[in-house]
Amino acid sequence: MTTEAAGGRGGGGGGGGGLGVKLLAAANVTIPAVFMFGDSIVDTGNNNNNLKTPARCNFPPYGRDFQGGIATGRYSNGKVPSDFIAEELGIKELLPAYLDPNLAPNDLLTGVSFAVGATGYDPMTAKVVAVTPLSDQLLQFEEYIGKVKGIVGEDRANFILANSLSFVVASSNDLANTYFVTGIRKLEYDVPSYTDLMLNHASDFLKGLYALGARRIGVFSAPPIGCLPSQRTLGGGILRDCVEKPNQAAMLFNSKLSAELDVLNKNLPNSNLVYVDIYNPLLDLIINPTNYGFEIADKGCCGSGKLEVSILCNEFEPETCTDDSNYVFWDSYHPTEAAYKIIVKELMTKYIYRLA
């Protein structure tokens with residue numbers, strides 16, 4: 001990323017009309033809806049009513065910089081990439097969760113998030129923390145399509161599906177939690193074979209999306225997991241350095257994912273699957289925070305910032321920072337709204353034409 005990417009860093013921006021809209025207008029493309037699949041990076045509240053899981057965040061201080069200071073189930077202090085992408089595309093300012101009980105029929109027509117915090121490509125990842133597996137998001141998408149057909153008819157529904165953009169953001173929980181932290185999969189798999197397992201599930205999920213009518217799909221890479229505050233605390237030694245092995249595993253998975261998307265593009269007629277590199281932009285933000293107007297990148301704002309996430313990041317944490325504008329991370333795992341905004345702006349510039 002360049003330093004210029006940090007331009008206009010403040011707040012959440014105003015209802016669409018951003019860079020994405022200008023690029024799409026130049027390309028004479030209209031995007032009717034946007035869909036999010038995957039994990040907490042793009043979940044906007046689908047775990048709120050799952051009382052079996054500790055991986056929830058619909059309580060303070062989450063959402064303290066969101067509209068009205070409300071904790072909506074977004075894993076940050078404010079907006080998340082789902083919202084910024086929908087806004088940049090000129091579709092709507094906030095992307096609602098599919099399981100939001102207040103969802104209106106019109107909300108369905110312009111897209112929703114099916115993503116669930118703490119899930120992953122590996123079915124074991126969801127099982128460990130009692131959240132719904134990624135495969136359930138396909139079932140919900142199928143249910144969604146039925147609802148939309150009931151609202152606007154089959155022809156319009158098919159048009160929405162064929163011309164919408166879908167994004168898949170998973171893999172970080174597989175590597176960080178299921179493989180490196182809990183070690184559950186280490187008994188059966190080394191890193192190369194585990195990343196193969198992840199890739200097989202990722203490929204099956206993308207084929208499932210395609211079978212249901214999705215054609216333009218952006219697939220996010222794994223991030224630099226070893227540089228997340230929690231991973232630095234658990235494996236980075238006394239200085240809490242970035243941990244090499246998780247980062248190497250992420251890079252290995254990413255190389256396999258990129259190659260698999262090339263294969264799928266050749267084998268699935270009229271598909272456009274685009275590899276979206278999140279690894280390098282986030283790593284640059286972490287290594288060079290001051291280039292983007294931040295000061296602190298090795299810990300989050302919430303609590304000590306070293307381990308707190310989900311239920312451990314709560315209003316009873318006396319150490320939580322009062323000013324999160326200097327932080328790249330909100331908790332020990334998830335970036336702040338300000339960091340997300342910078343990253344999404346670059347991703348939109350780099351990948352929008354390729355998906356349109």
Side-chain angles (χ1 to χ4, degrees), residues 12 36-67 69-86 94-100 112-120 125-126 128-132 134 137 167-177 181 220 222-223 225 227-231 278 282 285-286 297 299-303 305-315 317 320-321 324 327-344:
M36 294 288 162
F37 301 90
D39 61 25
S40 58
I41 302 302
V42 287
D43 182 359
T44 55
N46 287 310
N47 260 345
N48 289 0
N49 296 317
N50 179 1
L51 302 182
K52 295 177 185 174
T53 183
R56 298 191 311 278
C57 64
N58 55 330
F59 43 79
Y62 284 97
R64 72 180 191 185
D65 299 313
F66 194 74
Q67 297 171 358
I70 300 167
T72 58
R74 287 166 168 82
Y75 293 75
S76 190
N77 58 310
K79 292 182 180 180
V80 293
S82 310
D83 305 311
F84 286 125
I85 290 171
L94 300 171
L95 194 71
Y98 180 63
L99 297 181
D100 182 345
V112 292
S113 173
F114 298 93
V116 169
T119 199
T125 299
V128 169
V129 286
V131 298
T132 51
L134 199 61
Q137 294 180 34
F167 293 90
V168 182
V169 186
S171 76
S172 61
N173 295 310
D174 297 321
L175 292 169
N177 301 337
V181 173
F220 278 51
I225 292 156
C227 294
L228 303 182
S230 60
Q231 306 307 302
I278 191 71
L282 182 55
L285 207 59
I286 293 167
K299 64 178 183 176
C301 162
C302 191
K306 296 174 182 177
L307 276 176
E308 293 86 347
V309 65
S310 297
I311 59 170
L312 296 178
C313 168
N314 56 62
E315 60 187 324
E317 277 293 338
T320 298
C321 76
D324 49 52
Y327 285 77
V328 171
F329 288 95
W330 162 247
D331 58 23
S332 69
Y333 204 89
H334 304 98
T336 55
E337 176 185 293
Y340 275 141
K341 186 176 186 185
I342 290 168
I343 292 168
V344 167

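Proximity of Tyr340 to Asp83: side-chain heavy atoms (C-beta onward) are nowhere separated by under 4.5 Å. Contact of the Asn46 side chain with the Ser113 side chain is registered, since non-hydrogen atoms from C-beta on lie closer than 4.5 Å. Within the 4.5 Å cutoff, side-chain heavy atoms of Ile343 are placed close to those of Leu285. Counting heavy atoms from C-beta on, the side chains of Tyr62 and Cys302 never come closer than 4.5 Å. By the 4.5 Å heavy-atom criterion applied to side chains, Leu51 and Arg56 are counted as neighbours. Contact check for Val181 versus Gln231: side-chain heavy atoms found under the 4.5 Å cut-off. The shortest distance between side-chain heavy atoms of Tyr333 and Ser310 does not fall below 4.5 Å. Looking at heavy atoms from C-beta onward, Lys79 lies in side-chain contact with Phe66 at the 4.5 angstrom threshold.
Between Gly117 and Val131, the closest heavy-atom pair is O-CG1, 3.6 Å. Minimum heavy-atom separation, Ile85 to Phe167: CG2-CE1, 3.7 Å. A pairwise comparison of heavy atoms in Ser332 and Pro229 identifies O-CD, 3.3 Å as the closest pair. Annotation for Ala115 and Gln137: closest pair CA-OE1, 3.7 Å, computed over non-hydrogen atoms.
Here the SG-CD1 distance, from Cys57 to Ile311, works out to 12.0 Å after rounding to the nearest 0.5 Å. Atom-to-atom distance recorded for Asn47:CG and Ser40:OG is 9.0 Å, nearest 0.5 angstrom. Annotation: the span from Ile70 atom CD1 to Phe59 atom CZ amounts to 16.0 Å, rounded to 0.5 Å. Between Ile41 atom CD1 and Ser172 atom OG the span is 5.5 Å, to the nearest 0.5 Å. Here Thr119 contributes atom OG1 and Asp39 contributes atom CG; the two are 8.0 Å apart, rounded to the nearest 0.5 Å. Rounding to the nearest 0.5 Å places SG of Cys313 at 10.0 Å from CG of Asn77.
Among the candidates Val344, Leu95, Leu94, the single residue satisfying the side-chain contact (heavy atoms from CB on, under 4.5 Å) test with Ser82 is Leu95.
In this structure, the side chain of Thr53 engages the main chain of Val129 through a donor-acceptor pair within 3.5 Å. The closest donor-acceptor contact from the side chain of Tyr75 to the backbone of Asp331 lies at 3.5 Å or more, if one exists at all. Judged purely by atom type and a 3.5 angstrom limit, Asp324 has no side-chain atom pairing as donor or acceptor with the backbone of Trp330. No side-chain donor-acceptor contact under 3.5 Å links Asn48 to the backbone of Asn58.
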Thr320 vs Arg64, side chain to side chain contact (heavy atoms under 4.5 Å, CB included): CA-CA, chis, key distance, verdict
CA-CA 12 Å; Thr320 298; Arg64 72 180 191 185; 3.8 Å; yes
Leu312/Leu307 under side chain to side chain contact (heavy atoms under 4.5 Å, CB included): CA gap, chis, key distance, verdict
CA-CA 8 Å; Leu312 296 178; Leu307 276 176; 5.6 Å; no
Give the C-alpha distance, both sets of side-chain angles, the deciding distance and a yes or no for side-chain hydrogen bond (donor to acceptor under 3.5 Å, both in side chains) between Arg74 and Thr72.
CA-CA 6 Å; Arg74 287 166 168 82; Thr72 58; 2.9 Å; yes
Checking side chain to side chain contact (heavy atoms under 4.5 Å, CB included) for the pair Phe84/Glu337: CA distance, chi angles, key distance, verdict?
CA-CA 9 Å; Phe84 286 125; Glu337 176 185 293; 3.6 Å; yes
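Disulfide status for Cys301 with Cys321: present, SG atoms under 2.5 Å apart.
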